[in-house]
Number of protein chains: 2
Amino acid sequence: MISPAPKSVPEPTLRRLPLYHRFLKDLAAAGRETVSCTDIGAVLGQDPSQIRKDLEAAGIAGRPRIGYILGDMIEGLESFLGWKNTTEAFLVGAGSMGSALLGYRKFEQCGLKIVAAFDQDPDKVGRKIHGKQVLPLIKLPGLARRMHILIGIITVPGEGAQQVTDLMVEGGIRAIWNFAPVHLKVPDAVIVHNEDLYCSLATLSQKLAQTLGAGGRPIQKRATAAVARAHVTA
Amino acid sequence: MISPAPKSVPEPTLRRLPLYHRFLKDLAAAGRETVSCTDIGAVLGQDPSQIRKDLEAAGIAGRPRIGYILGDMIEGLESFLGWKNTTEAFLVGAGSMGSALLGYRKFEQCGLKIVAAFDQDPDKVGRKIHGKQVLPLIKLPGLARRMHILIGIITVPGEGAQQVTDLMVEGGIRAIWNFAPVHLKVPDAVIVHNEDLYCSLATLSQKLAQTLGAGGRPIQKRATAAVARAHVTA
DNA sequence: TAGATTGTTAATCGATTAACAATC
DNA sequence: TAGATTGTTAATCGATTAACAATC
């Protein structure tokens, strides 16, 4: 063996750590000082063993019989998740989804600062959304390079996504958070993280279909008229 | 053995099926009539074996030497994913994320029809967003029951999410698509599908940190001034 | 026929769960 | 001390990947 193995943290673990963090903040706010994995698991509905494994992966240690010290744990999670230092990001697509993300102030507490938005539409360029400038798309590669931007967020409709991707890659962006329902082609050095709501929806409806099973009510009465009525009496 | 095993489809498979569907539609539009798993895998960057397994799980059969017939495959996917019949849904939280989702017309092609929005804010109630009425939150349980609504979408800030959940459960909703960054407490019979962007972001930043590794540029120059300049010359 | 591709079974890999000794 | 909880190893489970016979 040459190197001591990079010890990459499993993705499921990574997705759970912020969940723990959130719960711990609540506990801390309520004045608690220690927690056990059993406590966390009971509330979050997860196996205590798994939580111990996750925390170990994040380099957080507890004390037998005591549990974990809340303060240390929160600290540990934040520094492991990289929430202590900020990475700047560009967002492309100042539509409704883009605007929503620009308004998520808590991203900054998670180390992500969206510093500018871009759009092709001249009507949108020049405006400010949640305090962030909307710039012409064509300026992205140059600015990204100059500012050493590493993260790009894509919230354009599917059709434009590949073109935006190419501009991001040209600008030296290394990680793309893709909200467009398209498979993006990128060089190996660039990471794509897809947030594909249609794929997500597929799992939701199938889970629903499964729990409804044979006992369910397969055909749904269309009662759209009821909505109109409800509005009148609102 | 009593029953022939429910044969539940693995979630990763479920998430991939819409990806295949999308690619196949493109191919069909381009006039192709058959595909092999190798073709799909090459474009989507996935193992052909896995694709074969996924299609088998969806009950889609091909022909040795020929591959799969595009038309059959698209048909098969759509009916397996339940995209042929529509399920009506309520959305709560007419903020920016809620508005974005209300504007996603393609949800309807995936069997999801958002028939009404709800909000607690009197300023929002009574308005229409993307053609959908915004109703007072308090009306949700009654209407949901009357209309036999099975799916609820939560796009309120974290603080209000549990209260909204309780109303949905009261209204007989069986599946919740939760965009609020909170762990929701629900009875066993209700499914929660979390779309937690903060958890998702955690995996993105960690993947980035890993690829940058030691060779990366850890400290990012703050060049916010450059954005302002770019705007001036826009 | 020969060759490509499916269908299907086996091997591998990784994550979750269980078990239990160490320990404060 | 006794008991609760971690740390850590082992067992289980499930998904991915590989292999190969069946087949058009």
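Sequence lines set the chain letters: A, B, ... in the order given, protein chains first and strands last, and positions in each chain run from 1.
- When each of C/dG3, C/dT6, D/dT8 is scored by its nearest atom to the side-chain atoms of A/E56, the top-ranked nucleotide is D/dT8.
- For A/R52 and C/dT23, the CZ to C1' distance is 14 Å, given to the nearest whole Å.
- Rounded to an integer number of Å, the gap from CG of B/D47 to P of C/dA11 is 17 Å.
- When each of C/dA15, D/dT6, D/dA18 is scored by its nearest atom to the side-chain atoms of A/P10, the top-ranked nucleotide is C/dA15.
- Nucleotide D/dT6 is matched to C/dA21 when pairs are restricted to Watson-Crick or G-U wobble geometry with both distances under 3.5 angstrom.
- One can place CD of A/E11 at 15 Å from C1' of D/dA15, the figure rounded to the nearest angstrom.
- Residue A/Y68 places no side-chain N or O under 4.0 Å from the OP1 or OP2 atom of C/dC24.
- Of the residues near DNA chain C, A/D54 and B/D39, the one whose nearest nucleotide (by heavy atom distance) lies more toward the 5' end is B/D39.
- Between A/Q46 and A/I66, the residue whose closest nucleotide on DNA chain C is further toward the 5' end is A/Q46.
- Atom CE of B/M73 and atom P of C/dG7 are 10 Å apart (whole Å).
- In this entry the distance linking CD1 of B/I51 with P of C/dT5 reads 13 Å, nearest Å.
- Look at CD on B/Q50: it is 17 Å from P on D/dG14, rounded to the nearest Å.
- The side chain of B/P64 approaches C/dT5 more closely than any other nucleotide in the set C/dT5, C/dA15, C/dA19.
- Looking at B/W177 and B/E195, their side chains do bring a donor and an acceptor atom within 3.5 Å of each other.
- Under the 4.5 Å side-chain criterion, counting only non-hydrogen atoms from C-beta, A/Q46 is in contact with A/Y20.
- Within 4.0 Å of A/S49, counting heavy atoms only, lies at least one base atom of the nucleic acid.
- Using a 4.5 Å heavy-atom cutoff, the side chains of B/P141 and B/R145 are not in contact.
- In this structure, C/dA15 forms a base pair with D/dT12, meeting either the Watson-Crick or the G-U wobble geometry with both donor-acceptor distances under 3.5 Å.
- When the options B/R22, B/R16, B/R15, B/K106 are evaluated for a salt bridge (Lys or Arg N to Asp or Glu O under 4.0 Å) with A/D196, the one that passes is B/R22.
- Side chain to side chain, A/Q50 and A/D54 fail the donor-acceptor criterion of an N or O pair below 3.5 Å.
- Side-chain N/O atoms of B/K53 and base N/O atoms of D/dT17 include a donor-acceptor pair closer than 3.5 Å.
- Atom CZ in A/R15 sits roughly 12 Å away from atom P in C/dT16 (whole-Å rounding).
- Distance B/L70 CG to C/dT5 P: 14 Å, rounded to the nearest Å.
- The side chain of B/R65 lies closest to C/dG3 when the candidates are C/dT17, C/dG3, D/dT5.
- Residue B/R16 has a polar side-chain atom (N or O) positioned under 4.0 Å from OP1 or OP2 of D/dT16.
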